[in-house]
Amino acid sequence: MNNQPNNPLHGLSLEKILTRLVEHYGWAGLYEEVRVNCFSKDPSIKSSLKFLRKTQWARDKVEALYVQTFS
């Protein structure tokens, strides 16, 4: 079993991370924190996940915001 005690994102899917951030910040607040258009123009979990899975720099920013917010 691969245990990662120092990884705060271990066991969390990108969908769970994004959903929790949207619940906390809302779409407008999330856009203020991470400036990507998928959070401001007709945002949805599905379209944002599609973008974040293809764009590593944006995913890194979202994951860093999650760690900063909830750790």
Side-chain angles (χ1 to χ4, degrees):
M1 183 162 236
N2 189 8
N3 197 5
Q4 298 182 13
N6 295 326
N7 183 353
L9 300 175
H10 181 69
L12 291 174
S13 67
L14 184 57
E15 184 174 6
K16 287 180 185 178
I17 291 169
L18 184 59
T19 300
R20 187 144 184 232
L21 285 171
V22 170
E23 288 170 357
H24 183 79
Y25 288 103
W27 287 110
L30 189 54
Y31 177 72
E32 290 298 317
E33 297 293 329
V34 182
R35 294 277 184 167
V36 291
N37 287 336
C38 67
F39 296 156
S40 69
K41 297 192 177 11
D42 196 25
S44 72
I45 296 290
K46 184 178 178 182
S47 65
S48 297
L49 285 173
K50 184 176 181 180
F51 175 77
L52 292 172
R53 287 181 178 131
K54 291 191 299 184
T55 314
Q56 188 62 45
W57 66 264
R59 182 179 182 152
D60 292 343
K61 287 187 175 193
V62 167
E63 289 175 346
L65 178 62
Y66 182 89
V67 170
Q68 173 189 338
T69 303
F70 298 111
S71 291

Step through the shown structure and confirm whether more than 12 heavy atoms of other residues, nucleotides or ligands are within 6.0 Å of CD on Glu32. yes

Drop me the distance from Lys61's NZ to Thr55's OG1, to the nearest 0.5 angstrom. 12.0 Å

With a 4.5 Å heavy-atom cut-off, do Leu18 and Tyr66 have their side chains touching? no

Would Ile45 and Ser48 count as a side-chain contact (heavy atoms from CB on, under 4.5 Å) if you check the C-alpha gap in whole Å, the side-chain angles of each, and the deciding distance to 0.1 Å? CA-CA 5 Å; Ile45 296 290; Ser48 297; 5.9 Å; no

Identify the two heavy atoms, one from Leu30 and one from Tyr25, that lie closest to each other, and give their separation to 0.1 Å. N-CB, 3.6 Å

Should Phe39 and Val22 count as side-chain neighbours, where that means a heavy-atom distance under 4.5 Å? no

Looking only at heavy atoms, which two atoms of Glu33 and Leu65 are closest? And how far apart? CB-CD2, 3.6 Å

Paired with Cys38, the side chain to side chain contact (heavy atoms under 4.5 Å, CB included) test is passed by just one of Val34, Val36, Asp42, namely Val36

So how far is it from Glu23 CD to Arg20 CZ, rounded to the nearest 0.5 Å? 8.0 Å

In Å, rounded to the nearest 0.5 Å, how long is the span from CG of Leu9 to CD1 of Ile17? 4.5 Å

